[in-house]
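Keep in mind that the numbers below use all heavy atoms, side chains included, and drop hydrogens, waters and symmetry copies. So you know, we letter chains A, B, ... as the sequences are listed, proteins then strands, and number each from 1.
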Amino acid sequence: MLDFKKIEKKWQNEWEKNKTFQVEDNSKKKKFYCLEMFPYPSSTGLHMGHALNYTIGDIFARFKRMNGFNVLYPMGYDAFGLPAENAAIKAGEHPMSYTENAMNNFITQQKTLGLSYDWSKKVITCHPDYYKWNQYFFLKFYENGLVYRKKSSVNWCPKCTTVLANEQVHSGKCWRHEDTDVEIKKLEQWFIKTTKYSEELLEKIKTLDWPERIKIMQENWIGRSNGTEVLFEINGKKWPVFTTRPDTLYGVTFLVISAQHENLINIVSKEQKKEVKNFLKKLKSVSEKELETMEKEGVFTGSYAINPLNNEKVPVYAGNFVIADYGSGMVMAVPAHDQRDFEYAKKYKIQLKLVIQGEKKLDINNIIKAYTEDGVLINSGNFNGLDNNKAKEEITNYLESKKLAKKVTNYKFRDWLVSRQRYWGTPIPMVYCDKCGVVPVLEKDLPIKLPEKVKFGEGNPLATNKDFVNVKCPKCKSNARRETDTMDTFFDSSWYFLRYCDNKNNKLPFDAKKVNYWMSVDQYIGGAEHACMHLIYARFFTKALRDLGIIKIDEPFTSLFNQGMLHGSDGNKMSKSLGNVINPLDMIEKYSADSLRFTLMSLASPDKDSIWNDSNLDSNYKWLIKVFNYFENVKVGKTSKKLDSEINKTIKDVTDDIENFKYNIAIIRLRKLLENFEKEGEVSKEYLEVFVKLLHPICPHLTEEIWHSLGNKTFVSLEKWPKYDEKKIDLELDYLEEELNTTKEDIQYVMKLTKNEKPNKVTIIIAQDWKYDLYKKVEGLLKNFKNPGDIIKELMKTDMKKYGQEVVKIIPKLVERKLNIVLAKKKELDFFSKNKDILEKEFGCKIFIEDGDKFKHQKSNFALPKKPAILIE
RNA sequence: GCGGGGAUGCCGGAGCGGUCAAACGGGCUAGACUAAGGAUCUAGUGGCUAAGGCCUACGCAGGUUCAAAUCCUGUUUCCCGCACCA
């Protein structure tokens, strides 16, 4: 009897005991780095998304291993983060013990799934031997001008008296105080200069083998736009304004400066001061959520700007909708040709000026929305009549020659705000000294460890910990204060894949040699939700380390695979509130890990969203039992030619399928292969083993067990992936098999027609009337045409009526199979002659096979069309 | 608003120009085995037909092609990202 639980445990232990999956850093084999995005170890343990993700990766790693690669396949934990800290506040448990428990739970569960990680490579980000290097890199970045401090707006909860991460703001309220609006506060924060790499990050996307949608998301996120920076004069000073529409410069009727602009106050006139202040006050009191949905509002600053192109004077407003840190924080408004400006102008009754004319003439007094299409310039002085796209260029050039404008490229991409006012993260290794200012911690003093004993629940626990805060200045040794902010956890995950390569190094973050051997990650696997966060940060980090001379690669992840979302059986996202959550561990408990793995992979193509169904698991479980039983009872012997062809074809296809993550299709082929096995009386040991190997990546435990029951002493996990022999794949076998079956049916049919139930003699006349004729024609055409379409076209010209649609279907098949067309008839004759005995057995009489061209029979009106003719006597 | 991806049988899903009434599962129906079967096996599962075959189907409407579930255009609808980036 098959006891899944027992054998799964058994093989997990064996693998562990034998260090089956431990990888060598020095190997003559070609390396392959297979990696899944490491998890945040939450106390709720593995969910189905994890199980899916890791199974996809494990199959690939096992597959690559069997294909002779030296595979690095590690696992680790993104162990810093807010949930642990909140649990600490709520339950009074220390984040460290909370996290340790969660991680141990994860590890057990992952082992239960049979994942072939090299556990000796484990990386845990909340341990000082990891975060020490976060601090090290932070300092390196600081030295090289990639880290700076700046005032910035952040989310602030007045009840928690702390800054919140964006994820902690739910609809403008604090996640722990549903009645409390989150405020926007301006605080000094640490930033990483990710924008230094905007251009490279954008350009190199093209070279990546990533899902198209992720690439597009990143492109949009970085958001390059080419435009012109035009200098407007306000009160005698020049102010830059970024625009992508310099062609509409004559249509500018006002400017808007961001309400958050640093220098806003400099252009506010005395008379307007009060009003502007009121406006700013009003903005401060609104929550972040309201800010998002708020209508465009503004206030006149009292100043006017001079348009450099036509010297017109236009009013300058301060507006809530202009982004302070994009472009120059000030925009020119052309209400006739920009919808946003149009709405604003309507609201504040500012005039419109039409400067671009489309095919239809617009009435300035009667337009209901901005005209944003292309057209020809009007009301634009010397530029009238120009095509507006040409005008962009010409106007820019004109102003450039007068030093009043220049071409610039802007990005939406911002610098990375990395500081968090939170305990459970990497302390930022900086010190504030009254004499020396901001001073970096010395490298030899790393790591700056998180103090263990801290008070939770009153803002940042680090800030209230005197032992932590009070420190001597590294420069002058006088009393100083430690930075109490910690790093965003995305800092941790930006380089963990490098640490895997050399996770025990305590002298350096990693040995460059090892990293250079293993990197880049050949196959990265994870969800799409990280498209614009982790994946960009990690790319940035890689480039920054490259430029610091630490590593050599440009891109961390050569190839990326996104798994689809698994929905509950009701078609909704799995969620507790909907009660449709399926826990992978429950399923393993009930059925087995292999059944779960097999089911997850057979649901649908792994990159597509799919819907969970309980009964699938049940039937797949039974199928695996069937496999096991088959091998228990199989007669080992010789293999038929037909199976020979089938198995070689299956090897070829399954290899291809797995390589392309079409695991669902691979499973189908394996099901079919087993069916074919079952039809055979006996199968050779070699082929039985092929099946076991092909199934192994998907069901590692069961196959390991069967492998041994076949008398092997090795691990199938480390066996060589089967090779196929193209020559043995004989597609015609199938075709002829079909032919034999239809012939059988035909004989039965004729027997029925003639009411002759016990014939003495059956003659099969391979006349091949129309078919033979067609073969010959196609053969002729093959000399001149290669693809089926052309051959069909050619046939259509002359013989369409004769052959009809039906025949058209056969042609591609013929061509694809490279059937030796001339021999078609002869082959069929041969085939039938060979299989005569099968038919004789079946019908209990003599069977004669005749060539229709030569065969002459007295009563010659017997032929059925489109088939070998059958004569019963 | 912008961007991306879907819509296939009772259901999950393959297919992504010609071997398509649609792989493979699930479900259902019938038969076999059984004392019985939720176990196993076999067959069937769009319509018509004894069969060869014919007709109707891949969200909807058009188009390209000898040929379209597959390509193009429009449209409806669902999902997912980003959102005032000038």
Side-chain angles (χ1 to χ4, degrees), chain A residues 211-217 219-221 223-225 227 241-245 248 255-256 291-296 319-323 325-334 337-341 343-344 410-414 528-529 531-532 564-565 567 569 571-573 599 602-605 607-620 622-623 625-626 629 662 664-665 667-672 675 678 731 734-735 738 742 745-746 748-749 752-753 787-797 800 805-806 808-817 864-867:
Chain A
E212 217 43 47
R213 63 180 179 134
I214 302 289
K215 296 214 248 180
I216 291 167
M217 275 161 87
E219 273 167 14
N220 293 342
W221 185 262
R224 179 173 58 196
S225 77
V241 167
F242 178 74
T243 180
T244 53
R245 294 296 304 273
T248 60
L255 296 190
V256 188
L291 210 69
E292 271 173 25
T293 51
M294 222 167 125
E295 221 184 298
K296 289 172 196 41
N320 64 348
F321 59 95
V322 177
I323 292 167
D325 54 356
Y326 182 76
S328 56
M330 191 174 338
V331 298
M332 59 180 232
V334 187
H337 302 292
D338 183 288
Q339 188 57 24
R340 293 158 303 179
D341 299 347
E343 281 161 24
Y344 189 89
N410 267 326
Y411 302 89
K412 287 188 201 174
F413 193 45
R414 299 298 144 77
E529 66 274 15
C532 297
M565 258 246 274
H567 298 264
S569 46
N572 293 307
K573 245 187 194 172
T599 302
S602 62
L603 277 177
S605 181
D607 59 330
K608 292 202 175 157
D609 292 354
S610 53
I611 294 177
W612 175 265
N613 182 341
D614 284 328
S615 51
N616 279 335
L617 182 53
D618 196 60
S619 74
N620 289 330
K622 283 176 190 160
W623 190 79
I625 293 175
K626 187 170 156 178
N629 289 339
K662 293 183 166 181
N664 56 328
I665 306 290
I667 284 175
I668 287 166
R669 298 198 206 276
L670 290 169
R671 289 189 108 108
K672 282 184 181 164
E675 230 171 77
E678 284 177 315
L731 291 160
D734 243 9
Y735 175 73
E738 250 171 63
T742 39
E745 279 164 29
D746 289 342
Q748 272 155 1
Y749 179 57
K752 204 169 139 195
L753 273 187
N787 83 46
D790 295 337
I791 291 174
I792 294 165
K793 243 182 199 166
E794 207 53 34
L795 276 171
M796 285 295 170
K797 277 186 197 158
M800 166 105 177
Q805 276 304 107
E806 168 137 6
V808 166
K809 289 184 188 170
I810 305 174
I811 305 297
K813 195 167 166 182
L814 291 181
V815 176
E816 190 201 319
R817 283 180 176 173
L864 292 167
K866 301 190 185 184
K867 276 187 181 181

Seminar exercise, completed: For G81(B), the nucleotide meeting Watson-Crick or G-U wobble distances (both under 3.5 Å) is C2(B)
Problem set entry | Proximity to the side chain of K626(A) - top-ranked nucleotide from G25(B), A86(B), C41(B) | C41(B)
For this session: Give, for atom CD1 of I665(A) and atom CG of L670(A), the distance between the pair rounded to the nearest 0.5 Å.
Result: 11.5 Å
Problem set entry | Set of residues satisfying salt bridge (Lys or Arg N to Asp or Glu O under 4.0 Å) with respect to D609(A), sequence neighbours excluded | none
For this session: Describe the nucleic acid contact of R224(A) in one word from base, sugar-phosphate, nothing, applying a heavy-atom distance below 4.0 Å.
Result: nothing
Exercise. Atom CG of D609(A) and atom P of G13(B): how far apart are they, to the nearest Å?
Worked result: 9 Å
Exercise. Nearest-Å distance, NZ (K215(A)) to P (C82(B))?
Worked result: 20 Å
For this session: Just compare A83(B), U40(B), A86(B) and give me whichever is closest to any side-chain atom of K622(A).
Result: U40(B)
For this session: Find the partner of G9(B): check Watson-Crick (N1-N3 plus N6-O4 or O6-N4) and G-U wobble (N1-O2, O6-N3) distances, both under 3.5 Å, and reply none if neither fits.
Result: none
Exercise. When rounded to the nearest Å, what value does the distance between C1' atoms of G17(B) and C28(B) take?
Worked result: 34 Å
For this session: Just jot down the side-chain contact (heavy atoms from CB on, under 4.5 Å) partners of V322(A), sequence neighbours excluded, or say none.
Result: V256(A), S258(A), V331(A)
Exercise. Taking atom P of C41(B) as reference, at what distance in whole Å does atom CG of N629(A) sit?
Worked result: 10 Å
Exercise. Counting any heavy atom closer than 4.0 Å, what does V334(A) reach on the DNA or RNA strands: base, sugar-phosphate only, or nothing?
Worked result: nothing
Exercise. Nearest-Å distance, CH2 (W623(A)) to C1' (C41(B))?
Worked result: 17 Å
For this session: Describe the nucleic acid contact of D341(A) in one word from base, sugar-phosphate, nothing, applying a heavy-atom distance below 4.0 Å.
Result: nothing
For this session: Go through A23(B), G26(B), G15(B) for me and flag the one nearest to the S619(A) side chain.
Result: G26(B)
Exercise. Just by distance, do the side chain of D338(A) and the backbone of V334(A) share a donor-acceptor pair under 3.5 Å?
Worked result: no
For this session: For A86(B) and G4(B), measure between their C1' atoms and round to the nearest Å.
Result: 24 Å
Problem set entry | Length of the line joining I665(A):CD1 and G13(B):C1', which is rounded to integer Å | 9 Å
Exercise. If we call it a pair only when both distances are under 3.5 Å in a Watson-Crick or G-U wobble match, what pairs with U73(B)?
Worked result: A61(B)
Seminar exercise, completed: Rounding to 0.5 Å, atoms NZ (K296(A)) and CG (D341(A)) come to a distance of 9.0 Å
For this session: Identify the nucleotide, in any strand shown, that forms a Watson-Crick or G-U wobble pair with A43(B), with both distances under 3.5 Å; if there is none, say none.
Result: U29(B)
Exercise. Quantified in whole Å, what is the C1' atom distance between nucleotide C79(B) and nucleotide G31(B)?
Worked result: 44 Å
For this session: For R669(A) and G15(B), give me the distance from atom CZ to atom P, rounded to whole Å.
Result: 10 Å
For this session: Nearest-nucleotide wise, let me know which of T243(A) and I668(A) is further upstream toward the 5' end of RNA chain B.
Result: I668(A)
Seminar exercise, completed: The answer to which of E675(A) and F413(A) contacts RNA chain B further toward the 5' end, by nearest nucleotide, is E675(A)
For this session: Let me know the distance between NZ of K296(A) and P of A86(B), rounded to the nearest Å.
Result: 14 Å
Problem set entry | Between G12(B) and A23(B) - C1' atom distance, rounded Å | 14 Å
Problem set entry | Contact pattern, 5' to 3', of nucleotides 2-12 of chain B - B, S or - by protein heavy atom under 4.0 Å | -SS-------S
